[in-house]
Amino acid sequence: MLKNLLHRIVSNPSVYDRLQIMVGSKQIRQRLSTHLQQLPPHALVVDLGGGTGINHELLSTVSRYICLDNDPVKLKGFREKYPTDFGLLGNATQVPLQSQSVDLVLCTAVSHHIPNEFLTAFFSEAMRILKPDGRFVFMDAVWNPQRPISRLLWRYDRGSYPRPLETLQGLLEQQGKILHHENFSIYHTYLIAVVAPK
Ligand SMILES: C[S@@+](CC[C@H](N)C(=O)[O-])C[C@H]1O[C@@H](n2cnc3c(N)ncnc32)[C@H](O)[C@@H]1O
């Protein structure tokens, strides 16, 4: 019941954005931004599970940004903030975009929402839509039971599938070529990876 109540409160886009800042989103996005520097202005960026478009501010030089999410409430929050950008209601495990059409696929804090049976499709869809010289920038918190604060946060998280670092890295390696990876801890332990098509 407490979990349901929290979810109702957090699904409000402005509460969600504030909560992200409290749980270290600023530091995480600083790290992410170092991998998003070399995009040409005409690059097409797709943010899978982009929610309210919190990554948009990291991409100020980019003119074509698509925020794909399966939650209409989050997309409404996105559209209110960025009325000239494109919010796409869709499923990240069956992306309604052409193969090899995207310069950068960004996906942050989403894989822990994806059930096991769809996880391979989730990663392979990200790689499918990438141009041959495109990049997939992935970030998520991982399951690290040695951190009590992380265990507590996972208990109340809407995403029910936190996974160990090795599981996520292994899946990324199956689907593409990992050019860079790093892990660090704030409350959770996080993985950031930059992946190119094989
Ligand atoms: C924790 S939020 C992360 C939002 C944003 N990427 C960020 O970093 O703040 C997870 C997002 O993934 C979305 N999501 C979960 N499963 C999805 C799916 N199968 N397809 C598309 N979006 C999904 C949720 O609606 C939610 O907006």
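Counting starts at 1 for both ligands and their atoms, following the listed order. Remember, predicted model here, so these are calculated numbers, not experimental data. Numbers here are sequence positions counted from 1.
Checking Asn144 against Ser150 by side-chain atom types alone, no donor-acceptor pair falls below 3.5 Å. Side-chain N/O atoms of Arg128 and Ser124 include no donor and acceptor closer than 3.5 Å.
Taking the side chain as every heavy atom from C-beta outward, Leu48 and Val110 never approach each other to under 4.5 Å. Residues Leu89 and Pro72 have side chains in contact (heavy-atom distance under 4.5 Å, counting atoms from C-beta outward).
A donor-acceptor pair under 3.5 Å is absent between the side-chain atoms of Arg163 and the main chain of His112, judged by distance alone.
Environment of CD in Glu117: crowded, with over 12 heavy atoms of neighbouring residues, nucleotides or ligands closer than 6.0 Å.
Contacts between Ile54 and ligand 1 below 4.0 angstrom, taking non-hydrogen atoms only, involve the side chain exclusively. Only the side chain of Ile114 comes within contact range of ligand 1, with a heavy atom under 4.0 Å; no backbone atom does.
Take Arg79 and apply the side-chain hydrogen bond (donor to acceptor under 3.5 Å, both in side chains) test, not counting sequence neighbours, and it matches no residue. Judged as a side-chain hydrogen bond (donor to acceptor under 3.5 Å, both in side chains), and not counting sequence neighbours, the contacts of Arg31 are Glu182.
Closest approach of Ala196 to Arg135, counting heavy atoms only: CB-NH1, 3.6 Å.
Residue contact check: Arg29 has heavy atoms under 4.0 Å from atoms 7 (C), 8 (O), 9 (O) of ligand 1. Per-residue contacts place Lys74 under 4.0 angstrom from the following atoms of ligand 1 (heavy atoms of the residue considered): 26 (C), 27 (O). When each atom of ligand 1 is checked for a heavy atom of Ala92 under 4.0 Å away, the hits are 18 (C), 19 (N), 20 (N), 21 (C). For ligand 1 and His113, the ligand atoms under 4.0 Å from any heavy atom of the residue are 1 (C), 10 (C), 15 (C), 16 (N). For ligand 1, the atoms sitting less than 4.0 Å from at least one non-hydrogen atom of Gly51 are 27 (O), numbered in the order shown with element in parentheses. Proximity to Asp71 (heavy-atom distance under 4.0 Å) selects the following atoms of ligand 1: 25 (O).
Ligand 1 has Gly90 within reach: a non-hydrogen atom of the residue lies less than 4.0 Å from it. The closest approach between Gln94 and ligand 1 stays at or above 4.0 Å for every heavy atom of the residue.
Considering backbone and side-chain atoms alike, Asn91 places an N or O below 3.5 Å from some N or O of ligand 1. For the pair Asp69 and ligand 1, the shortest N or O to N or O distance falls below 3.5 Å. Residue Leu48 places no N or O, backbone or side chain, under 3.5 Å from any N or O of ligand 1. Ligand 1 has no N or O atom lying under 3.5 Å from any N or O atom of Leu68, backbone or side chain.
Proximity annotation for atom 6 (N) of ligand 1: of Thr108, Val110, Thr93, Thr108 comes nearest, heavy atoms only.
Atom CD1 of Ile192 and atom OG1 of Thr34 lie 7.0 Å apart (nearest 0.5 Å).
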